[in-house]
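The chains referred to below are lettered A, B, ... by the order of the sequence lines, with proteins before strands, and numbering in each begins at 1. Keep in mind that this is a model prediction, so the values were computed, not measured.
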Amino acid sequence: MREASSEPDEGDVREAGRLSANAVDCLPDGALAVKLAKARREGRPLRVKLGIDPTAPDIHLGHAVVLRKLRAFQDGGHKVVLIVGDYTARVGDPSGRSTLRPMLSGEQIEKNAATFQEQALKILDEDGERLEVRRNSEWLDMEMAQLLELARTTTAAQLLERDDFAKRWEAEQPISMLELMYPLLQGYDSVAVEADVELGGTDQKFNLLLGRDIQRAYGQPEQAIMTLPILAGTDGKQKMSKSLGNQIGIVEEPHEVYGKLMSVPDELIGDYSRLLLDREVDPTLSPRDAKRALAKDVVAWLDSPAASSHGEAYFDRVFVERSAPEHLEEARFSAGDGTVHLPALLAEVFGMSRSEARRTIDQGGVALEDDALRAGEHDVAADRLDGAVIRVGKRRFRRLRAR
RNA sequence: GGCGGGGUUCCCGAGCGGUCAAAGGGGACGCGCUGUAAACGCGUUGGCUCUGCCUUCGCAGGUUCGAAUCCUGCCCCCGCCA
């Protein structure tokens with residue numbers, strides 16, 4: 001559907017340029033400016049869609065990249081439509097995956113959906129004028145006839161063009177019907193909420209574009225799409241994701257966030273800075289100092305400057321000086337006959353097995369008051385433990401107290 | 001419906017009657033080095049009352065002095081042809 005009546009003026013073009021900073025793709029060319037112009041003429045905000053499937057319980061910095069962009073739209077006066085994909089989470093988006101994804105239980109999805117929504121508000125403006133939160137079960141739990149109507153909008157060839165489907169097809173790997181349906185469902189979300197613009201990671205490009213086709217099939221104006229870079233996880237290699245264990249959650253303890261950011265490979269500092277803080281790295285800083293500045297400012301953004309300072313102090317103390325943090329959790333032990341079997345105590349306190357505890361001790365990984373225990377030193381006098389700080393590895397600490 | 005290939009310890013993947021708690025890689029963990037990291041080196045990676053014992057190789061039986069390895073049944077996954 002042409003929108004020729006909405007010629008963008010200079011301001012629209014500038015605004016579109018500003019909004020598409022950091023974007024990898026903003027398609028079709030010029031479409032965003034046209035959308036802006038149209039909305040301006042009609043005196044309404046743009047409806048900017050993001051769908052997130054609550055397949056894991058927490059939002060991490062990878063999600064934050066897109067959420068920040070949404071926030072930029074909000075700050076520009078537009079309305080974000082956040083779709084919690086409680087229905088699509090049951091299907092499992094195959095994007096970037098080479099294997100099938102397990103289906104989640106309704107209960108688990110419900111739980112995740114609640115925390116997702118709550119955590120997203122840490123970044124988004126929750127003003128009702130600027131935010132609409134929807135669940136896609138509202139419209140996807142549809143009649144068979146409606147589903148078939150949706151299915152008519154797209155051909156198998158179209159779907160198989162998608163990169164990961166194409167690869168799997170080529171490699172004779174399974175592609176389930178459920179997965180094939182996924183892009184259609186996501187596209188239908190756009191129809192249901194009448195999206196003007198949809199955002200997503202670059203891995204979503206196909207789905208976002210297909211949304212346009214589906215909107216057209218339903219007689220709606222086609223959304224503009226914007227893709228943002230995928231943030232690499234703390235391993236520096238793979239996309240940040242909970243299941244790969246390389247994520248930094250936005251509601252983690254400030255010192256955890258700080259520490260995890262510091263452990264990110266240097267090569268990522270630039271990306272992180274640009275995508276999470278919208279700024280380039282100060283070239284006069286050494287990688288170490290640049291990373292410190294990054295860590296500090298990200299924590300300040302997510303929490304507060306005070307939390308950030310504490311996170312930094314904690315980090316310096318524990319990792320730079322290698323001493324125990326100021327505030328330690330306590331662990332109680334019973335003195336028994338005056339000797340304590342450490343593997344049992346460590347197993348209980350740190351959730352490891354006794355064998356693992358023994359090995360760690362034997363490898364010099366357990367220290368009492370900064371003195372590493374010697375190999376075989378498994379039984380220790382209770383009075384030596386009472387009040388002492390025990391450290392396992394670099395970062396696990398407890399203050400011991402006799403019970 | 002027919003034919004064929006598979007299910008091994010966190011993951012991938014060897015093993016194909018004893019020498020197997022099971023090669024190799026990845027990941028993770030510990031130590032060293034260091035900038036906090038990366039890279040690199042060394043070590044560990046089922047459990048336990050630990051020079052030994054117990055439990056693992058889809059599930060259940062069976063053969064055998066002895067099975068992850070052989071047999072039978074069952075469950076599940078994948079591909080091809082139709």
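- Within the 4.0 Å cut-off from OP1 or OP2 of B:rU44, not a single side-chain nitrogen or oxygen of A:T360 is found.
- Nearest to the side-chain atoms of A:R396 among the listed nucleotides B:rC29, B:rA37, B:rG47 stands B:rC29.
- Judged by Watson-Crick or G-U wobble contacts below 3.5 Å, the nucleotide B:rA22 has no partner.
- The side-chain heavy atoms of A:L36 and A:H78, taken from C-beta on, include a pair separated by under 4.5 Å.
- Residue A:S263 has no polar side-chain atom (N or O) positioned under 4.0 Å from OP1 or OP2 of B:rU36.
- A:K291 comes within 4.0 angstrom of a base, heavy atoms only.
- For A:D289 and A:R354, each mapped to the nucleotide of RNA chain B holding its nearest heavy atom, the one lying further toward the 5' end belongs to A:D289.
- Judged by atom type and distance alone, A:D266 reaches the base of B:rG35 through a side-chain donor-acceptor pair under 3.5 Å.
- With RNA chain B read from its 5' end, the first of the two nearest nucleotides for A:G393 and A:F319 is the one closest to A:G393.
- When all heavy atoms are compared, the tightest approach of A:P45 to A:G77 is CB-O, 3.3 Å.
- You'll find the side chain of A:I123 reaches within 4.5 Å of the side chain of A:W301, heavy atoms only.
- The side chain of A:Q363 sits closest to B:rG43 out of B:rG32, B:rG43, B:rA37.
- Side-chain nitrogen and oxygen atoms of A:R359 include none within less than 4.0 Å of the OP1 or OP2 phosphate oxygen of B:rC31.
- Shown here, B:rG30 forms a base pair with B:rC42; the pair counts as Watson-Crick or G-U wobble because both key distances fall under 3.5 Å.
- Note that the CG atom of A:L346 and the NE2 atom of A:H378 stand 9.5 Å from one another [nearest 0.5 Å].
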